[in-house]
Amino acid sequence: MGVLSHLRVVEIGSSAATSYCARLFADFGADVQKVEPPTGEPLRRTAPVTPSGQSAWFAFLNFNKSSSIIDATDPDAIARLTALIENSDILLDGRDVGSADCPPVDIPAIQQRRPGLTYLEASWFGPEGPYAGFAATDSTVRALAGFIKLAGPVQGPPSHSPDFQTGILGGLWAFIAVASSAVARMQGGAGRSWSLSIFESSLTVSEYLIFEAFARGNVMHRIGTNRFWPGFPVGIYETKSGWLGVTTWTPAQWRAFCDMLGLFELRDDPALVLAEDRLQHMEHIEQQFIPKLRERTAQDWFEEGLKRKIPIVPVPEISDLLCDAEKRARGAIVPVLLGEEEGLTVGSMQRLTLTPPRGGGKVPTPGERQPNVKHRTHLTALTSSGCIYSDRQPLKEVRVIDFSMGWAGPLCTRTLADLGADVIKIEAIQYPDWFRGVDRSPAFVDDHLYEKAMCYCIMNRNKRGITLDLTRPQGLNLAKRLVVEADIVVSNYSVDVLPKLGLGYDVLKTLNPRLVMMSMSAFGADSVHRACRAYGSTLEQGSGLPSVIGDPDGPPVMSHVAFGDAVGGLNGCVAVLVALIHALKTGQGQFIDLAQIECMMPFAAPWITVGSMGGLPPPKYGNRHPQFVPHGCFRCAGEDNWIVIAATDEEMWQRLAVLIGRPEWATDASLKSDEARRAFEDVIEEGIAAWARNREADEAMSELQAAKVAAGVARLPKDLLADRHLASRAFLQEVERAFVGPHPQPSMPIREGQGPYAIRAAAPTLGQHNRDILSGLLGLSDGEIAQLVKEGIIGMVMLSDGELSQSEKAP
């Protein structure tokens with residue numbers, strides 16, 4: 001019996017986001033009922049397919065679920081579906097993305113009869129706004145979300161992968177909304193209704209760059225394949241055998257990288273100390289280190305990098321992942337059964353050590369019930385009364401101690417804070433959050449530039465901040481006292497940091513047995529690579545995803561400068577919510593060993609499944625698609641303006657052909673199917689390109705969308721600051737903060753009601769809440785607090801390099 005075995009989930013419509021959300025519930029034992037028409041859900045026909053013609057994407061999204069067939073034309077269809085929903089705890093509705101011939105049901109009436117029901121409705125863009133009625137695909141949405149234009153060759157076109165991304169991001173957010181509702185219900189709340197914007201969920205990956213553009217202006221543009229602002233080198237490079245993912249961010253990492261390669265002149269060049277400065281000399285630097293990398297294998301360099309604490313990692317092929325015994329042992333790759341076919345797919349990333357997820361499963365055929373799921377005739381859980389909507393934030397009763405820094409951990413805890421949790425962020429004046437900046441020069445410190453970093457402000461809103469020197473007994477003891485009354489502890493330090501400080505789970509669980517503690521390391525606490533340093537870029541490089549992106553004869557291609565950070569943060573939030581539900585049910589806490597590199601693997605899941613059955617390397621499509629023809633990124637009028645266009649069915653193809661002035665294509669029987677058009681893909685793309693190049697990108701999108709053709713302008717991150725759709729939905733909220741002033745903050749993509757959750761507080765300045773927490777929560781006197789300041793245990797000003805050296809020498 002899994003953690004969520006007390007829950008029944010009904011999934012209607014055809015949306016990858018709601019389907020992935022439902023699979024996460026199934027991973028932990030929930031009874032998930034997937035409602036399909038007699039022909040099966042449309043996602044069953046999504047490419048790529050297995051040797052027997054079954055969808056690998058559908059398999060990944062749906063194992064361990066049951067299928068219920070309801071024919072919308074049957075007289076009793078509405079009554080049957082209504083009864084199924086009324087006998088459930090959670091309804092996930094993807095009909096706005098794809099109806100799947102689902103019969104209409106009166107959701108408000110059901111909620112009145114079942115006030116404990118939690119309802120989530122997903123849509124591409126939300127129920128209102130200029131884009132609300134747009135035809136969309138995964139790639140057109142990512143284009144609009146600023147997630148495509150910065151990747152690829154300088155002259156273009158921007159490069160992107162063929163789908164399987166927005167559904168995962170949206171599914172993670174959907175699960176966070178619904179699971180937080182489950183937490184609230186266990187503490188006396190009623191059911192809730194949520195809406196999810198898949199477009200806005202994709203902005204989670206872009207927001208770092210969006211708000212850096214706000215702070216710095218128009219500093220970002222495409223600078224080449226596997227090159228990204230704001231640092232260098234951050235990319236994938238060829239070695240003697242295999243490809244190597246490289247990230248050097250800090251001055252120390254750059255020096256170590258140069259030492260490893262024997263490039264001492266580069267190491268000692270003062271113009272190359274900072275990662276952003278190295279961007280100005282990319283060609284010169286690459287000319288020197290690329291030949292060096294080709295002298296040894298990727299595995300050789302990886303082992304050298306481990307010794308030197310450099311974030312480098314071999315870039316695996318799909319076949320490498322399938323042969324990785326550690327990933328199988330950890331449940332990152334699990335067996336899956338599709339009818340008579342046996343294969344492998346990507347498992348659950350939420351590695352709860354006490355209550356682990358299921359290790360693989362069976363994909364239901366249409367109408368098939370999983371044998372290990374028992375039908376419930378009634379739900380005792382649905383007896384609570386109260387209104388459906390609640391002004392009370394779902395995690396209002398939850399306290400989180402946040403030992404995380406950078407992006408992934410702080411995004412996890414920010415999401416908990418946005419949903420009402422009391423998040424206490426712990427830094428030190430000696431070692432504050434590195435997202436404040438890695439510069440420790442006196443000028444940087446004296447000008448309080450560490451308080452002006454926009455990325456820090458975005459990731460740490462709605463939290464309270466305290467400084468504690470955890471290397472000294474006084475600071476350590478205060479941290480332990482905070483943990484005693486906490487529900488959750490989150491850390492994304494290297495796996496040994498907190499245990500060495502005396503804050504490992506073995507210690508903390510004796511202080512608080514109901515504590516949920518999560519380690520968000522790169523490879524996992526028990527991995528042979530546990531000591532590997534990593535950034536979000538490293539996680540993408542090592543996930544297998546780059547090996548299926550790009551041109552057939554090209555290198556593995558990255559999609560983002562730090563893709564893995566946002567993904568790790570969302571998966572971490574999912575994991576702690578599942579563990580919190582278990583703790584509230586049983587009083588038992590547990591340790592979560594989240595490996596962030598595994599969190600990136602779902603994006604390559606279809607290719608992993610197909611590869612496990614055929615053994616052949618997956619084809620690379622460039623900007624084309626394994627299913628849709630045409631599908632690509634086309635130049636528009638002006639400088640570096642592009643639009644992503646896709647035809648997802650025969651009718652959309654016909655409308656596109658007429659729009660671009662080729663009506664004969666619409667009636668040509670030889671171009672009726674996607675596979676038939678694939679033989680003429682070059683010619684079709686030339687026709688689309690000729691039409692697009694004379695139009696402004698937004699003009700082209702308007703014409704295409706008027707014809708109900710999926711299209712999205714490839715936006716830069718800065719463009720999102722003035723996006724008309726986001727403005728209409730009040731997505732950007734203005735917040736006032738010391739040292740920064742008024743600045744925009746992104747809303748969550750999940751909403752209760754029409755407006756977004758309000759942002760209650762700006763990110764804390766260093767040590768801003770020292771007195772509130774030490775006095776208000778721990779009862780320290782003014783004199784005790786003054787002594788802590790005097791001894792440097794707490795403070796409100798970052799130490800410079802010189803001050804830090806003096807501090808370390810002090811007794």
Side-chain angles (χ1 to χ4, degrees), residues 11 14-16 19-20 22-23 26-27 32 34 36-67 69 98 100 137-138 161-165 167-168 171 316-324 327-328 331-348 358-368 370 543-545 547-549 552 601-621 624-629 631 648-649 673-676 678:
E11 175 193 340
S14 183
S15 157
S19 194
Y20 187 51
R23 204 212 93 173
D27 283 344
V32 177
K34 186 178 192 67
E36 303 187 74
T39 55
E41 190 207 335
L43 287 176
R44 287 186 180 272
R45 296 178 282 280
T46 301
V49 297
T50 66
S52 71
Q54 299 188 79
S55 169
W57 177 230
F58 181 87
F60 165 75
L61 293 173
N62 290 286
F63 64 86
N64 285 326
K65 300 179 184 178
S66 294
S67 170
I69 296 297
T137 69
D138 190 296
S161 61
D163 293 1
F164 315 122
Q165 296 191 4
I168 293 169
E317 299 287 342
I318 295 299
S319 58
D320 297 325
L321 295 177
L322 290 168
C323 295
D324 191 324
K327 287 186 169 51
R328 292 204 195 190
I333 293 180
V334 296
V336 64
L337 183 65
L338 297 81
E340 299 300 318
E341 286 184 300
E342 295 182 6
L344 299 170
T345 193
V346 178
S348 172
R358 291 171 170 172
K362 185 178 187 297
V363 181
T365 58
E368 180 183 15
Q370 295 286 4
S543 69
L545 179 62
S547 72
V548 299
I549 298 177
M601 290 173 58
F603 297 99
W607 292 281
I608 289 172
T609 300
V610 172
S612 74
M613 294 179 176
L616 298 175
K620 296 170 70 171
Y621 292 89
R624 291 176 173 176
H625 195 277
Q627 182 174 358
F628 305 141
V629 181
H631 182 282
T648 62
D649 55 41
S673 70
D674 288 296
E675 282 310 306
R678 197 172 298 282

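Every value quoted in this text rests on a predicted model; they were computed, and no experiment measured them.
- Side-chain N or O atoms of S66 include one that pairs as donor or acceptor with a backbone N or O of Q370 at under 3.5 Å.
- Summarising the geometry, atom OG1 belonging to T345 is positioned 9.0 Å from atom CD1 belonging to I333; distances are rounded to the nearest 0.5 Å.
- For the residue pair G343 and S612, the shortest heavy atom distance occurs at CA-OG, 3.5 Å.
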Evaluation steps, side chain to side chain contact (heavy atoms under 4.5 Å, CB included), between S19 and N62: CA-CA 7 Å; S19 194; N62 290 286; 3.1 Å; yes
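- Here the shortest heavy-atom pairing between E11 and A22 reads OE1-CB, 3.3 Å.
- Note that NZ of K362 is 14.5 Å distant from NZ of K65, once rounded to the nearest 0.5 Å.
- In this structure, the side chain of R358 engages the main chain of A26 through a donor-acceptor pair within 3.5 Å.
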After noting the C-alpha distance and the side-chain angles of R328 and D324, does the key distance pass the side chain to side chain contact (heavy atoms under 4.5 Å, CB included) rule? CA-CA 7 Å; R328 292 204 195 190; D324 191 324; over 6 Å; no
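- Atom CE of M613 sits about 11.0 Å away from atom CG of L322, to the nearest 0.5 Å.
- Residue F164 is tested with Y20, F603, W57 for a ring-ring contact (aromatic ring centres under 6.0 Å, His included); the sole match is W57.
- Summarising the geometry of E368 relative to V363, their closest heavy-atom pair is OE1-O, 4.0 Å, with the distance given to 0.1 Å.
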How far apart are the C-alpha atoms of H631 and D163, what are their side-chain angles, what is the distance that settles it, and do they pass the side chain to side chain contact (heavy atoms under 4.5 Å, CB included) test? CA-CA 11 Å; H631 182 282; D163 293 1; 4.2 Å; yes
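- Remark: R44 engages E36 in a salt bridge (charged side-chain N to carboxylate O under 4.0 Å, His left out) (not counting sequence neighbours).
- A donor-acceptor contact shorter than 3.5 Å links the side chain of T609 to the backbone of L344.
- Residues V610 and T50 share a closest heavy-atom pair of CG2-N, 4.4 Å.
- Residue L337 holds its CG atom at 12.0 Å from CZ of F63, rounded to the nearest 0.5 Å.
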Where do L545 and Q165 land on the side chain to side chain contact (heavy atoms under 4.5 Å, CB included) test, with the steps shown first? CA-CA 11 Å; L545 179 62; Q165 296 191 4; 4.1 Å; yes
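- Remark: S14 engages E41, P42, L43, A100 in a side chain to side chain contact (heavy atoms under 4.5 Å, CB included) (not counting sequence neighbours).
- Of all heavy-atom pairs spanning I318 and P618, the tightest one is CG1-CG, 3.8 Å.
- P364 and F58 get closest at one heavy-atom pair: O-CE2, 4.5 Å.
- The ring-ring contact (aromatic ring centres under 6.0 Å, His included) test applied to F628 returns H625, not counting sequence neighbours.
- Side-chain contact between P51 and E341: present, with at least one pair of heavy atoms (C-beta onward) separated by less than 4.5 Å.
- A donor-acceptor contact shorter than 3.5 Å is absent between the side chain of N64 and the backbone of R23.
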